[in-house]
Each structure stands twice: as C-alpha cells, then as structure tokens.
Novice: 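Here it is, the structure in full.
Letters A, B, ... are given to chains in the order of the sequence lines, protein chains preceding strands, and every chain is numbered from 1.
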There are 2 protein chains.
Amino acid sequence: MTSEDLLAVLAAMGHGQRLRILAELAAGRMYVSELARRLGISRPLLYMHLERLEKAGLVLGNLELSESGKALKYFELAPFDLHLNIRTIRAALAADTDRHSDMQGNPR
Amino acid sequence: MTSEDLLAVLAAMGHGQRLRILAELAAGRMYVSELARRLGISRPLLYMHLERLEKAGLVLGNLELSESGKALKYFELAPFDLHLNIRTIRAALAADTDRHSDMQGNPR
DNA sequence: AAAGCATGTAAGTGAAGACTTACAGATGCC
DNA sequence: GGCATCTGTAAGTCTTCACTTACATGCTTT
C-alpha cells in the first residue's frame, strides 16, 4: 500500500457525511436515490461522496436493472480493516520510494 | 470515542505532509525548527500541521529550555493504534447519540 | 401523452484548507 | 552592540472541497 492509497482512504473517511454513508451501507446494499432519502441529503452531493469513497476502495457501485427494467445504481460496502498506527504509516511512505526500484512483483 | 474524535484523527492524517511529519517523529522527539529543516518546509506551515496533529491527539508538544537557556519546543509522537473498520465507525457514530443519555461512566 | 422515478453531469457559489511572506520578542555567542 | 537561532502569530493569497440548482436522458405506469 502506497501513501497515495492510504491518503485516499483517510481523506475519504475524514468527513462526517461520508462516515454516515458508510454506516448506512453497513445495513446492506442500497441504490443511490434511496440512500439519499435516508440520509436526507441531495443526490448530486451524495454522488460526489460516493465517487470519493469508491475511488478509495471503500464502497462498490454497480448499475443494475430492476425486474421492471428500471436502472438502479446499487452501492455496497467493501470490506476493509486498516490498522492505523505509526508502523502502517511508515510502511506506506516506504512503499512510495520502493516503487522506483526494479524487480518487484516478478523477480527472477 | 465520538465521531468528532474519529474525524479529527482521520482528517489530521489525511494529508501527505502530516503523514511525513508523523513518520519523522517516529525517529524520536525533535524541536520545531529542526523538524522544519528536515522536512524542507517553512516553519509557520509546520506549525499549522503540528497544531492539527496535536488537537487530534497524535503528537505532543512541550516547550523546554535547553542547557544554554534557549527555548525549544519539542514534539513527540503520541502512541496510537486505531482499528479502522466499519465497526469502529458505527461505534463512533453511536457514541454521539449516547452522549444525550444519562448514567454513563458511573452507572449505579 | 403526461407524470413519476431513476441516473448522470454541468455550472456556480461559498467556505475551509494549505501555504507564503512578514514581523515581533527573547536568548546566546562573538 | 550585532548576528544567529528559536518561538509565536498575523495577514494575505490561492486552491480545493462541499454543496445547491438546474438540466438532459431513459424507462414505467396511468
């Protein structure tokens, strides 16, 4: 995990609304409009938050067709469990510089 | 831990410079000017970041007098280890509403 | 056809955050 | 005294973020 990944997660979570979105999705998958109604926020705003959460890998979006044929975009929680301590931070920062070195992934 | 506390930590950590500050302090306590030189950032900027980290409880500042009598503000890492998952998030949000109920801490 | 509900995006506004330059006060050393 | 080094803060700029309003599109049901 690079520091970029770590930062994406931290920044995504570091916001009240998005914390509430995650908590709401813990109850189960839900499509956007329904989620917006439950949280009492506007849909475009929710969209922005969901985008950010998805980029951080915390939620997963999926456009589906209901039985009646109506398009619904379902979001669900992605499983995550990050041990946030100084060790994790140092490892993430170290991973950045390591990307410059060769022979990673497929060393002979 | 309330969501306010959690958000303070997440928002404080969700920034590259501050992540680097924490990593640098992992090597040991250091005073502000020295830390600024090591990181290559301006002192006022570092100040702002340290303030934020301190409010989140991630670092600890202490103004001391050196042997020669010069004032130095030392910062050190506060031990932290946060398990970041959906359970923690829900617990934090739940703690918010619980603050309105009585008999917490010392229930008879 | 019209109304209802869904997705998706664009444009604009207002507030918060990140950063710089600058200045003031205090002490130690030459 | 004058220079170096440290702390602390104020003011100003600039960008990013959060949020609203509005509009275009598509399918369903009445």
Novice: Between A:Arg90 (side chain) and B:Glu24 (backbone), is there a donor-acceptor pair under 3.5 Å?
Specialist: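 No; judged by distance alone, with no hydrogens or angles, the pair does not exist.
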
Novice: Specify the separation, in whole Å, of atom CG of B:Leu63 and atom P of D:dT7.
Specialist: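 For the pair B:Leu63 CG and D:dT7 P, the rounded distance is 8 Å.
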
Novice: Are the side chain of A:Asp96 and the backbone N or O of A:Ser3 linked by a donor-acceptor pair below 3.5 Å?
Specialist: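 Checked: pair present.
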
Novice: Specify the separation, in whole Å, of atom CG of A:Leu7 and atom P of C:dA18.
Specialist: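 Answer to the nearest Å: 12 Å.
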
Novice: Establish, with yes or no, whether the OP1 or OP2 oxygen of C:dT7 is under 4.0 angstrom from a side-chain nitrogen or oxygen of A:Tyr47.
Specialist: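 So the side chain of A:Tyr47 is outside the cut-off, no N or O lying under 4.0 Å from OP1 or OP2 of C:dT7.
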
Novice: Residues from residues 50-57 of chain B sitting under 4.0 Å of DNA chain D, heavy atoms only?
Specialist: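 Heavy-atom contacts with DNA chain D come from no residue of residues 50-57 of chain B; none.
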
Novice: Should the ring pair A:His83 and B:His83 be called parallel, tilted or perpendicular, given that the plane angle runs from 0 to 90° and is split at 30 and 60?
Specialist: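 The arrangement is perpendicular - the two ring planes meet at more than 60°.
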
Novice: Quickly work out the B:Leu19 CG to C:dA18 P distance and round it to whole Å.
Specialist: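 Roughly 13 Å, once rounded to whole Å.
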
Novice: Between A:Leu46 (CG) and D:dT20 (C1'), how many Å, whole number?
Specialist: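 About 14 Å, once rounded to whole Å.
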
Novice: Expressed in angstrom and rounded to an integer, what is the separation of A:Glu64 atom CD from C:dA6 atom C1'?
Specialist: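 Those two atoms, CD and C1', are 14 Å apart.
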
Novice: At under 4.0 Å between heavy atoms, how does the protein contact nucleotides 19-30 of chain C? Give one character per nucleotide, 5' to 3', with B, S or -.
Specialist: BBBB----SS--

Novice: I need the CG-P distance between B:Leu65 and D:dT5, as an integer number of Å.
Specialist: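 Checked: the CG to P distance equals 19 Å.
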
Novice: Is the backbone N or O of A:Met13 less than 3.5 Å from a side-chain atom of A:Arg52, with the two atoms forming a donor-acceptor pair by type?
Specialist: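 Checking the backbone N and O of A:Met13 against the side chain of A:Arg52, no donor-acceptor pair under 3.5 Å is found.
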
Novice: Using whole Å, what does the distance between atom C1' of nucleotide C:dA18 and atom CD1 of B:Ile21 come to?
Specialist: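 For the pair B:Ile21 CD1 and C:dA18 C1', the rounded distance is 12 Å.
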
Novice: Does this structure show an ion pair linking A:Glu64 with A:Arg29, if we count only N-O contacts that are shorter than 4.0 Å?
Specialist: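 Here A:Glu64 pairs with A:Arg29 in a salt bridge, since their nearest N and O are under 4.0 Å apart.
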
Novice: Under 4.0 Å from OP1 or OP2 of D:dC6: is there any side-chain N or O of B:Tyr31 that close?
Specialist: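 For D:dC6, OP1 or OP2 has a side-chain N or O of B:Tyr31 closer than 4.0 Å.
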
Novice: Picking from D:dT7, C:dA6, C:dG8, which would you name as closest to the side chain of A:Arg37?
Specialist: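 The answer is C:dA6, which lies nearest to the side chain.
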
Novice: In this structure, how many angstroms lie between the P atom of D:dT7 and the CG atom of B:Leu35, rounded?
Specialist: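 Answer to the nearest Å: 10 Å.
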
Novice: Write down the atom of B:Ile89, the atom of B:Leu6, and the distance for their closest heavy-atom approach.
Specialist: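 Taking every non-hydrogen atom into account, CA-CD2, 4.2 Å.
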
Novice: On a heavy-atom basis, which atom in A:Leu25 and which in A:Met30 lie closest, and how many Å separate them?
Specialist: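 Of all heavy-atom pairs spanning A:Leu25 and A:Met30, the closest is CD2-CB, 4.1 Å.
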
Novice: Mind checking whether A:His49 and A:His15 have parallel, tilted or perpendicular rings, split at 30° and 60°?
Specialist: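 Rings of A:His49 and A:His15: tilted, 30 to 60°.
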
Novice: Where do A:Ala56 and A:Ala8 come nearest, in terms of heavy atoms and distance?
Specialist: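 For A:Ala56 versus A:Ala8, the nearest heavy atoms are CB-O, 3.5 Å.
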
